[in-house]
Every structure is written in C-alpha cells, then in structure tokens.
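If you read the sequence from its start, that first residue is 1, and numbering goes on from there. Any value given below was found using the heavy atoms of this structure, including those in side chains, with hydrogens, waters and symmetry copies removed.
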Amino acid sequence: MADPLATPADAPGDTPAPGAAHDAAATARPARHRVRRVVLSLLGVLGVLVLALGWVGYRAWQTAQALRDAQDLVGAVQDDVRAGDVSSLAQAVPAIQELTRTAHDSSGDPVWRAAEVLPVLGDQLRAVRIVSASLDEVAVDVLPPVASLGSALDGREADAERGRLVLAQLVEVAPDLVQAATTARGAADDVAALDTGALLGPLVDPVTRARDALEEAATALEGGAGIASLLPAMLGSDEPRTYLLLSLNSAELRSAGGIVGAVVVLQAQDGQMELVGQLSTAELPGLDTPVLPLSEGELAVDTDRLGRWVQDATMTPDFPRTAELVAARWRQQTGGTADGVIAADPVAVAYLLGATGPIGAPDGSTLDQATVVSALLHDTYLTHTDAADADRYYAGVASAIFGAVAAGRGDVGALGQALVRSGEEGRLRMWSAHPDEQEQILATDFAGAFLAPANGDEVGVFLNDGTPGKLDYFLQAQVSVEDLVCEGPEPTAVVRLTLAYDPPDDIATYPDYVIGRHRDDRPDGWVDTNVTVYAPVGAPLGALAWDGGYVAGTAATLDGRAVQVVRSSLDPGQGESYSFTVPVRDGRVVVRTTPTTTAPGVVVASCSP
C-alpha cells in the first residue's frame, strides 16, 4: 500500500536512475552556451554597427568640411576672375582638387558604401557620395582646361600685338575643353538623377544647389567648348575672314531687338580683328523685290520688307535667317562675301563698356556703361535733327566700341562675362556662313535660332515698331508666365505681355524722324507696335485676351507654328496687356521675346522647385 504522505519524488517508479541528474545538467549547459553566444554575437554586431556609424559620422564631418572649404575657395576665385585676375583660377586648381579629393575619398570608403543599405540613412549617404564624386570629377577633369583657356584668352601681348589672341594656345586647349564639357555634363546628370524627395531637410538645399551649379557649369562649358574650338578658324588662322557687325537700334524695335542702325565691316587674320569699313543703312537702300525668296509664312507675318530693307532684316526672330538676308544684300551691293554676321544691341554694348572702360564718341564726348544707352537711343536725337547725322553718329560709336575691345582694353574676365550675359539675354548673336561652324553655334546661346526644330517647344512674343519712329526707348515691355498648371493630362500656362508707354511731356517737339507719322486724330508722340505671338510647334493659338476682351489680327503658320500679329496703339501715358494660353512641355515654359533696354529676351517658368 502506498504511503499517502509520499512526495512525488518518492512515488513508486519516479526514483531517478543513477546519473540522470548529471545528464540533465549536461543538456542545459549547451543551451545556455548557445544563448550566450547569440547574445555576445548580437553585442558584437551592435558594437561593430556603433563603430561603423561613428566612423561614417566622422567621414561625413570630413566630407562636409572639405566641401565647405572648397566652396569658399571657389567663391574667392570667382571674385578674383570677376575683378580681372584670370590667373587666380589656375593657381587655385591644386587646392580645390585636394579638397574635393578628400570629400570623395571620405564618402566613398567601403564602410560608407555598406551603410548605404540602411533605410532612410542610406539615401542620405548615397546622395552625399554622388555629389562629392561629381564635384571631384569636375575639379580634376574640368577645371584645368578651363584655367588653360583663361590663360590663352589672357595671353595678349602689349603695344602693337595687344588684342591678338594666342591661337596656338587656343588650338591646344580646345580638345581638352570639349572633353571637359562632356565630363561636366555627365556629373550634372548624375546629381540631377538624385531623388531629393527622399532626402532629409538639411540635405535638400545643398544637393539642390550642387545640382543647379553643375547644370549651369555644364551648359556654359558646352557652349564655350564649341566656341573655343571654332575661334582659331573664325579668327583667320587658316585664311582671312570677313564679318559684318550689325549695331541694333532699340529705339525702333524689331523682333531681334531693334532695326539695323549701322553695319561695321571686320576682317580677321591670324587672330587679329581689324575694322576695315563701316556703313550707315542709308548706304544700303531698299530694294524693289526681296534680296532672297521669302516663304508664304514670312510674307504673311513680316511682309516683303523683311527681304527688301536691311533695317528690317531683324523682323524675323530667327537670327540665321536675318544673317542670310544681310549677307545676300552685302554681296549684291559690294560683290564681297561675308563669312559671318554678328549683331549686338545697345545694352550688350553697355555690358562691354563695363569691361573695357569709357570710350570717346565721334562728337568728342565720353561714353561709359551708364551713359551709352541713353546717348545712342535718346540724346543723339536731340542734338542731330537730321536722321543721316544720327546714323553716322551711331556707326561711329559702334566702331569706337569695337576698337576698344580689339585693342585689348579692360580685362578678359569681365569681357568674357559681358559676352556670356549678352548671349544669355539674346542681345548678342552670331552666324557663320560655314556650315560646320554654324552647326556648333546652334548649340550655344549666341545662335538666336528661334525657328530651329530644336526649339520647337518654345513660345515667342516679339515686338516690331509700326510708327515708324524712334520712340520705343520710352516703351516698357514686360513678359511674364502666370497660372502655371503642372498636373493633369494637358498642363498649361498663361503668357502675358504688358506694355506701358511713358514719353517725356515735350515729346511733340522731337524731330519728325523720331516722332514718326503724324495723324490728325492722334496726338504727336503716339506709338504703334506690331505684337507677334508664336505658339509652340503643333500647338493651337486662338484670339489673344486683351484688357478684358479678345483681339485677333493676322493669322498665319510659319515653320509649323501658329502665329498671330496684332497692332498695339498707345498714346502717351497709356498701357495695355495681352495674354494667351500655351502648353507646358517637359515641365517648363520658355518664352523668347524681344530684348529691350529694360528686359532680357528670354523668360523661363519651371514646374520643378
């Protein structure tokens, strides 16, 4: 009989066999060891992770410090170049390269790359690495040829040789500059591909600024590389070249900026540019028929004046067409052949004078950046009551300015910036009669080829004086993009042109050739403007909204674009606005317009931040 007070251990059959407790203890020990190993492994991984993150943090500090120092150094070099010290870039290149190399190495080691797999943090690390690598690539492969180009452009001798570019250096550096442009474009594209939406707040602005800076550098280099490779031949390294320089008069507007006020004849040989003649437009009288055949679209939009008068060759917004017409007229008048045509408006001239310093005008006065626009477009009409005298003064000023540039006055850095700014604003344009050269010019801001197929998405708003007179100096024209809609199947925007006419109170006393036509029903000093609007290729264009109503004028199609031409007529003190809807293509709207004394020739609105 079993003992009712027996414990379970004393129960029959429950007595442990000899050695059973030892076996249980032996079984528990490996389990405890496994747990310990797991814990120790986790602690080890955690320790390595902490060390790795600490290392990445240290490397991030190194990267940020190097990039900040590089940015400061680049900023100082830019200031030096603007002040005319082109050599400072070459001197600073090694230091900039050392800093960008440090940033690249710090953000590109194996630990950093491994940490890029981490959620959230990995996106930040990858962005920093790509930006650092791109900037280092630019510093190593782009800055040296750019510095060499600066040295070549600054390599002018004194006295008789001053103004002659060192062609051997240009020829030597041009291929490297072309490669530099390719490298810069690749770096810009790499950074542009980063998704800034995945970045934390503190990184968004630096990455965005790096993206914009690289894009700006790549675009400038692509244009500069093409021009640098063209310069030797264009400056007569192989054979003499003849160019026609058109001085545009913005007091009488045309699509390209103004009527042709004077023609200066330049000859280039062995890098030396020399003025060999000048003509007023009075010496190139109008023709009975256009100098070249005009298309139906050109006749409808610009009339046959486009091909009959040199002054009106700038009615088209397409500068290659202007240049062809002027070159043909020059050939017909003189029997000579022009290798190229260059056009500049008075504001571009002012930019150049900012680099060269003041010049002496034909009447003995001194003109500088602050006074030249007023002198050319206003003051001369008060002192010269005869239009021919005013034209001769205009031609004389154009020659004096070219002489200052060709003589090497001023500094190369400021001159280069003046040229670039003039090109970006549509105030300085170039065309070559040599197809291979023209093809490269088309890729730059100097082409002015609005009707080229590559620019088919752009919008056009252009102004042509209809008075005719010299009153557009007092006409304010402002083009803007409003109501930008970026979402939906057919994103759109509204382009608006605002005109305001505010001449002086005594405008009626100005010479007749300045006032233009007299009409009994209008006060002297009224101004008429033909507003020409171009839609993007393939886009519709209906009536224009006009001060609360709608207005329609001449409708035509030119090179696949719908075009409207309407007449604006303003008395002194009046203003009005026009607007129309355009498609938003590739997330932006680019409007090419007539550059005036107060506004550039391009307006851009973008959907991206």
- Item | Enclosure of Asp586 CG (heavy-atom neighbours >12, cutoff 6.0 Å) | no

- Crowding at CZ, Arg588 (>12 non-hydrogen neighbours, <6.0 Å):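 Atom CZ in Arg588 is not packed in, count stays at 12 or less.
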
Which heavy atom of [X] sits nearest to which heavy atom of [Y], and what is that distance?
{"X": "Val349", "Y": "Val372", "result": "CG1-CG2, 4.0 Å"}
{"X": "Arg211", "Y": "Ala192", "result": "CG-CA, 3.9 Å"}
{"X": "Val485", "Y": "Val584", "result": "O-CG2, 3.9 Å"}
{"X": "Gln97", "Y": "Thr100", "result": "O-OG1, 3.1 Å"}
{"X": "Leu541", "Y": "Phe580", "result": "CD1-CD1, 3.8 Å"}
{"X": "Ser480", "Y": "Glu482", "result": "OG-OE2, 3.5 Å"}

- Task: Carefully, step by step, assess Gln478 and Thr498 under the rule side chain to side chain donor-acceptor pair (under 3.5 Å).
- Result: CA-CA 5 Å; Gln478 181 68 44; Thr498 303; over 6 Å; no

For a 4.5 angstrom cut-off between non-hydrogen side-chain atoms, does [X] reach [Y]?
{"X": "Trp431", "Y": "Glu324", "answer": "yes"}
{"X": "Glu439", "Y": "Leu442", "answer": "yes"}
{"X": "Leu266", "Y": "Thr242", "answer": "no"}
{"X": "Ile441", "Y": "Thr444", "answer": "yes"}
{"X": "Asp457", "Y": "Val537", "answer": "no"}
{"X": "Val602", "Y": "Glu424", "answer": "no"}
{"X": "Gln269", "Y": "Arg241", "answer": "no"}
{"X": "Pro595", "Y": "Asp345", "answer": "yes"}

- Go through the steps for Val563 and Val533 under the test side-chain contact (heavy atoms from CB on, under 4.5 Å), then give the verdict. CA-CA 6 Å; Val563 185; Val533 173; over 6 Å; no

- When Val479, Val603, Thr581 are each screened for side-chain contact (heavy atoms from CB on, under 4.5 Å) with Val495, the one that passes is Val479

Could you measure the distance from the [atom1] atom of [X] to the [atom2] atom of [Y]? Nearest 0.5 Å is fine.
{"X": "Leu451", "Y": "Thr316", "atom1": "CG", "atom2": "OG1", "result": "5.5 Å"}
{"X": "Leu246", "Y": "Thr314", "atom1": "CG", "atom2": "OG1", "result": "8.0 Å"}
{"X": "Leu428", "Y": "Asp445", "atom1": "CG", "atom2": "CG", "result": "10.5 Å"}
{"X": "Gln267", "Y": "Tyr243", "atom1": "CD", "atom2": "OH", "result": "11.0 Å"}
{"X": "Leu135", "Y": "His104", "atom1": "CG", "atom2": "NE2", "result": "10.5 Å"}
{"X": "Ile96", "Y": "Asp136", "atom1": "CD1", "atom2": "CG", "result": "11.5 Å"}

When you measure from the side chain of [X] to the backbone of [Y], do you find a donor-acceptor pair of N or O atoms at a distance under 3.5 Å?
{"X": "Thr593", "Y": "Val461", "answer": "yes"}
{"X": "Ser250", "Y": "Gly257", "answer": "yes"}
{"X": "Thr492", "Y": "Pro583", "answer": "no"}

- Query: Does one side chain, of Asp141 or Thr183, offer a donor that lies under 3.5 Å from an acceptor on the other?
  - Reply: no

- Say whether Gln438 and Ser432, considering side chains only, have a donor N or O and an acceptor N or O under 3.5 Å apart.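 Judged by distance alone, the side chains do not pair up.
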
- Message: Test side-chain contact (heavy atoms from CB on, under 4.5 Å) on Leu353 and Ile359; report intermediate values, then the result.
- Response: CA-CA 8 Å; Leu353 286 185; Ile359 61 165; 3.6 Å; yes

- Task: Output, in order, the C-alpha distance, side-chain angles, deciding distance and verdict of side-chain contact (heavy atoms from CB on, under 4.5 Å) for Leu244 and Ile342.
- Result: CA-CA 6 Å; Leu244 305 179; Ile342 305 166; over 6 Å; no

- Query: Looking at Arg421 and Glu425, does any basic side-chain N land under 4.0 Å from a carboxylate oxygen?
  - Reply: yes

- Do NZ/NE/NH1/NH2 and the carboxylate oxygens of Arg185 and Glu215 come within less than 4.0 Å?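 Counted as a salt bridge, because a side-chain N and a carboxylate O are separated by less than 4.0 Å.
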
- Message: Determine whether Leu194 and Arg126 satisfy the following criterion, side-chain contact (heavy atoms from CB on, under 4.5 Å), listing intermediate values before the conclusion.
- Response: CA-CA 9 Å; Leu194 291 172; Arg126 179 173 176 272; 3.7 Å; yes

- Test: Arg561 cationic atom under 6.0 Å from Phe450 six-membered ring centre, within 45° of axis: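 Judged by the rule (NZ or CZ under 6.0 Å from the ring centre, within 45° of its axis), Arg561 counts as positioned above Phe450.
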
- Task: Would you confirm whether the ring centroid of Phe462 sits within less than 6.0 angstrom of the ring centroid of Tyr534?
- Result: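 Ring-ring flag for Tyr534/Phe462: true, centres closer than 6.0 Å.
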
